[in-house]
Amino acid sequence: MTRLMLHDQAMGLRRLTSFKASDSARVFTIAGGKSRVGKTSLVVNLAVALAQKGQRVLLIDENPCHNNICTSLGLQARFDLLHVIYKDKRLDQVLLQGPRNIAILSAMRGIHALNKLSPLEQDWLVRSFSELTKSVDIVLIDTAMAGTTHVLPLSLASEQVMMVISGSAASLTGAYVLIKIMSQEYTRRHFLIVVNKVGSEAESLAIYQNFYKVACQYLSVTLEYAGYIPNDEKLRSSTQLCKPVLEVYPSSQAAMCFGQVAQNILRSSCPDKYHGGIDNFIQRLIQTSHLSMANFMV
């Protein structure tokens with residue numbers, strides 16, 4: 001067993017013994033360096049795994065309507081975050097109910113409008129989200145992979161950034177670039193890593209360890225292995241059914257791995273300076289909403 005694996009296990013044990021429940025919702029932005037890495041499927045199934053562990057989950061979706069969380073679950077959103085900003089609807093009126101009472105917010109148009117809000121509109125939006133403080137434990141944000149993605153402000157506003165990688169060179173390069181920008185330009189230092197679409201745990205650890213070695217050699221960051229999701233035919237089948245694999249095939253290898261990732265992120269700490277809560281997250285998101293990947297050569 002490598003020193004890296006022993007170090008990761010020791011960190012996990014320390015966090016397990018010191019973990020305490022918090023009154024503030026924890027916010028995780030899920031990002032990937034390349035499209036087709038399986039990010040949306042991971043977000044949906046991870047949300048179900050967290051809900052099965054008693055967590056009240058809110059999903060915020062930045063993806064366009066033809067390729068988003070609602071589509072993957074066979075749902076259709078009539079309203080979105082922009083309706084809340086314009087005061088056409090209250091926040092509770094635009095939330096969709098997914099499996100296990102997971103709340104889903106379609107937010108692409110609203111997120112893209114944040115940098116144009118007046119002070120009064122900003123205050124209204126923060127107050128709207130503050131009403132969720134007592135009803136949400138975990139927020140997972142599925143970032144867009146193309147177009148005018150707001151992965152930077154969403155990541156910088158969140159408590160944790162979870163980077164989804166696979167074994168492909170494009171995935172690893174894209175993830176490295178994102179981490180480099182966030183760490184060098186905005187001092188984000190800590191990242192959770194999930195390895196997706198692999199044949200085995202051993203393969204996922206090999207991919208992670210190589211990525212860890214390169215990132216830590218050239219960047220001032222700390223990476224934390226949060227688990228892996230295997231290439232599982234049951235996962236592909238459940239995706240075609242627009243159902244979470246944990247509900248259709250609860251005994252499958254993929255379902256068990258999602259459960260382990262959920263447990264790992266609940267145990268994870270946040271070394272970066274962060275003030276929790278949904279309202280604080282929205283305030284930070286508004287403040288950083290002008291940032292764009294278009295500013296960088298990637």
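Quick note: residue numbers are just sequence positions, from 1. Worth saying up front: this structure is predicted, and the values here are computed from it rather than measured.
For the pair Ser72 (side chain) and Ile69 (backbone), a donor-acceptor distance under 3.5 Å is present. Remark: side-chain polar atoms of Glu224 are not paired, donor with acceptor, to backbone N or O of His190 under 3.5 angstrom. Under a 3.5 Å cut-off, the side chain of Arg188 and the backbone N or O of Ile181 do not form any donor-acceptor pair. With Asp123 contributing its side chain and Pro119 its backbone, the two residues share no donor-acceptor pair below 3.5 Å. Side chain of Thr187 to backbone of Ser183: no donor-acceptor contact under 3.5 angstrom is found. Proximity of a side-chain donor or acceptor of Glu159 to a complementary backbone N or O of Arg26 within less than 3.5 Å is not detected. At least one donor-acceptor pair closer than 3.5 Å links the side chain of Gln93 to the backbone N or O of Arg90. Looking only at distances, no side-chain donor or acceptor of Asp61 sits under 3.5 Å from a matching main-chain atom of Leu105. Remark: the backbone N or O of Glu233 is not paired with any side-chain donor or acceptor of Ser237 at under 3.5 angstrom. A donor-acceptor pair under 3.5 Å links the side-chain atoms of His83 to the main chain of Asp80, judged by distance alone.
The shortest side-chain heavy-atom distance between Phe28 and Leu46 does not fall under the 4.5 Å cut-off. Here the side chains of Phe258 and Leu42 are in contact, with some heavy-atom distance below 4.5 Å. Annotation: side chain of Phe191 is not in contact with side chain of Met162 (no heavy-atom distance under 4.5 Å). Two residues are said to be in side-chain contact when any heavy atoms from C-beta on lie closer than 4.5 Å; Met182 and Leu152 meet this criterion. You'll find the side chain of Glu62 reaches within 4.5 Å of the side chain of His112, heavy atoms only. Between Thr29 and Gln160 there is no side-chain heavy-atom pair separated by less than 4.5 Å.
For Gln76, the CD atom sits in a loose shell: 12 or fewer heavy atoms of surrounding residues, nucleotides or ligands are nearer than 6.0 Å.
In the hydrophobic clustering of ILVMFWY residues, with side-chain heavy atoms under 4.5 Å counting as a link, Ile165 and Tyr218 come out together. Hydrophobic cluster membership is shared by Tyr176 and Leu223, with clusters built from Ile, Leu, Val, Met, Phe, Trp and Tyr side chains linked at under 4.5 angstrom. Leu285 and Met108 fall into different hydrophobic clusters, where Ile, Leu, Val, Met, Phe, Trp and Tyr residues are linked whenever their side-chain heavy atoms come under 4.5 Å apart, directly or through other members. Clustering ILVMFWY residues whenever any of their side-chain heavy atoms sit less than 4.5 angstrom apart, transitively, puts Leu246 in a cluster other than the one holding Met256.
Between the side chains of Ser238 and Tyr249, no donor-acceptor pair of N or O atoms lies under 3.5 Å. Using a 3.5 Å distance cut-off with no hydrogens or angles, the side chains of Asn68 and Asp142 do not pair a donor with an acceptor. Residues Gln260 and Asn264 bring a donor and an acceptor atom of their side chains to less than 3.5 Å of each other.
When every heavy atom of Cys216 is checked against every heavy atom of Val221, the shortest pair comes out as SG-O, 3.8 Å.
Screening Phe79, Trp124, Phe129 for a side chain to side chain contact (heavy atoms under 4.5 Å, CB included) with Val84, the sole residue that qualifies is Trp124. Checking Leu140, Val164, Thr143 one by one against Val43, the side chain to side chain contact (heavy atoms under 4.5 Å, CB included) holds for a single residue, Leu140.
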>> Please determine whether side chain to side chain contact (heavy atoms under 4.5 Å, CB included) holds for the pair Asp88 and Leu82, giving the CA-CA distance in whole Å, both sets of side-chain angles, and the decisive distance to 0.1 Å.
In response: CA-CA 9 Å; Asp88 295 328; Leu82 197 61; over 6 Å; no
When the side chains of residues 197-205 are checked against the rest of the protein, which donor-acceptor pairs come out under 3.5 Å, sequence neighbours left out?
residue: Lys197; atom: NZ; partner: Arg36; partner atom: O; Å: 2.8
residue: Ser200; atom: OG; partner: Glu203; partner atom: N; Å: 3.2
residue: Glu203; atom: OE1; partner: Gly199; partner atom: N; Å: 2.8
residue: Ser204; atom: OG; partner: Glu201; partner atom: O; Å: 2.7
residue: Ser204; atom: OG; partner: Tyr225; partner atom: OH; Å: 2.7

